[in-house]
2 protein chains.
Amino acid sequence: MAPMKNASPVGDIQSAIRAAGARVTPARVRALAALRAASSPQTHAEIEETLAQEAHPAIDRVTLYRVLDWLCSAGLAHKAADARGVFRFSAAQPNVEHAGHVHFRCTGCGGVFCLKSPPPPAPALPRGFRLGGMALDIRGECPRCVRAHS
Amino acid sequence: MAPMKNASPVGDIQSAIRAAGARVTPARVRALAALRAASSPQTHAEIEETLAQEAHPAIDRVTLYRVLDWLCSAGLAHKAADARGVFRFSAAQPNVEHAGHVHFRCTGCGGVFCLKSPPPPAPALPRGFRLGGMALDIRGECPRCVRAHS
DNA sequence: ATTGCGGATGCAATTTTGTTGCATTAGTGC
DNA sequence: GCACTAATGCAACAAAATTGCATCCGCAAT
Ligand SMILES: [Mn+2]
Ligand SMILES: [Mn+2]
Ligand SMILES: [Zn+2]
Ligand SMILES: [Zn+2]
């Protein structure tokens, strides 16, 4: 059993959601609160189970998927596949611009860590090619998973 | 600018399988050959498609899953979830031909093209982190697909 | 070369994880 | 409160991976 984090004030969560230009809904507030309270990246199933124990009405499975993806697109959370290939979500550090640096994905726990390096420049393409998109996947093990592995 | 091809001697593959104490079957030989010829870690679906174009009889989907897992347990291949949460397999004895440059994947035809640019340098990691691997995914359209699209 | 054993395969069914379409609900600005 | 439409709930779908089991075939012994 891992240690629990401090709960984030509900007001902070609501204003974070509003600042992202979206409506403040129970699903978003509760999902983000769950992520901020978690001590490690959580799968969709884990978050669903956590929210199910909360006495509030249940949140639909698909809605939770969409809320989690929205949190990521809003920069409020990170999404990364763990060793089993299952997505894990974690709360992003608030007030940080994540576009200017690359991220490290822990293949053990699915955690996402901000690095200092900037994204690599687009490579030169031969004539006629059209660049669609680029993604740098940096993976390895975080200190905690390195210790747990040895 | 055409998709690459680089084979590993069949004898090497057969003896590698035999040395692992298992039977030499078409599925194992062809799967390992495909992995060794590949320029980057391949998904199950990609390997399946590669083998399907080989004129030999098709290999069952489940058999391929089992063969790939066996190759890993025998130490002949590695398995890791990519950023999308899909498992990718790579030969343990890597194909060094493609280590020195990055690759471009056409979203139209699925072709892979070798570029001249070297892979980006490994970013500096905070203390305690262990780098596992890096993958630069460059997507877009090849000249033929660009023309066909317009 | 034949035979027999059991590892390996093929096929169907199932599970897990994640997505799409669409009608209905509810958060927000007025 | 009212209107607008983002967000939700539900059902269906899809992709990726696994399980069970009958059959097959690689290969060693004969
Ligand atoms: Mn970041
Ligand atoms: Mn999956
Ligand atoms: Zn980790
Ligand atoms: Zn193309």
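Values in this document were obtained by computation on a predicted structure and should not be read as measured data. Chain naming here is simple, since letters A, B, ... match the order of the sequence lines and numbering starts at 1 in each. FYI, side chains are in, hydrogens and waters are out, and symmetry mates aren't considered; it's all heavy atoms of this structure.
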field: Verdict with supporting geometry, A:Val29 and A:Gln14, side chain to side chain contact (heavy atoms under 4.5 Å, CB included)
entry: CA-CA 7 Å; A:Val29 173; A:Gln14 292 182 337; 4.3 Å; yes
field: A:Arg88 side chain to A:Gly111 backbone, donor-acceptor under 3.5 Å
entry: no
field: Protein proximity profile, nucleotides 8-19 of chain D - base contact B, sugar-phosphate-only contact S, no contact -, cut-off 4.0 Å on heavy atoms
entry: SBBB----SBBB
message: Which is more 5' along DNA chain C, the nucleotide nearest A:Val24 or the one nearest A:Thr43? Just name the residue.
response: A:Thr43
- request: Begin from the C-alpha positions of A:Asp69 and A:Phe89 and carry the test side chain to side chain contact (heavy atoms under 4.5 Å, CB included) through to its verdict.
  value: CA-CA 9 Å; A:Asp69 281 339; A:Phe89 299 85; 4.1 Å; yes
query: With A:Phe87, which residues qualify under ring pair (Phe, Tyr, Trp, His ring centres under 6.0 Å), at least two apart?
result: none
task: Please report the shortest heavy-atom distance between B:Ala16 and B:Arg36, naming the atom on each side.
output: CB-NH2, 4.2 Å
message: Holding to ring pair (Phe, Tyr, Trp, His ring centres under 6.0 Å), I want the full list of residues that pass it with B:His101, two or more places apart in sequence or in another chain.
response: B:His98, B:His103
- line: By ring pair (Phe, Tyr, Trp, His ring centres under 6.0 Å), A:Phe104 pairs with (sequence neighbours left out) B:Phe129
Protein-nucleotide distance (B:Leu51, atom CG; C:dG10, atom P), rounded to Å: 12 Å
- prompt: Are A:Glu48 and A:Arg61 ion-paired here, with the side-chain N under 4.0 Å from a carboxylate O?
  reply: no
message: Five pairs per end, C1' atoms only: what is the angle between the end axes of the helix from C:dA1-D:dT30 to C:dC30-D:dG1, to 10 degrees?
response: 40°
statement: Closest heavy-atom pair, B:Ala92 versus B:Pro94, reported as atoms and distance to 0.1 Å, is O-CD, 2.9 Å
Residues B:His44, B:Tyr65; criterion ring-ring contact (aromatic ring centres under 6.0 Å, His included); working and verdict: CA-CA 7 Å; B:His44 171 277; B:Tyr65 272 116; 3.7 Å; yes
Length of the CZ-C1' vector between B:Arg30 and C:dA8, whole Å: 15 Å
Any donor-acceptor pair under 3.5 Å from A:Glu97 side chain to A:Ala99 backbone: yes
query: How many Å lie between CG on B:Leu68 and C1' on C:dT9, as a whole number?
result: 14 Å
task: Residues of residues 12-23 of chain A with any non-hydrogen atom less than 4.0 angstrom from an atom of DNA chain C: list those, numerically ordered, please.
output: A:Arg18, A:Arg23
query: What is the distance from CG of B:Asp82 to P of C:dT17, rounded to the nearest Å?
result: 17 Å
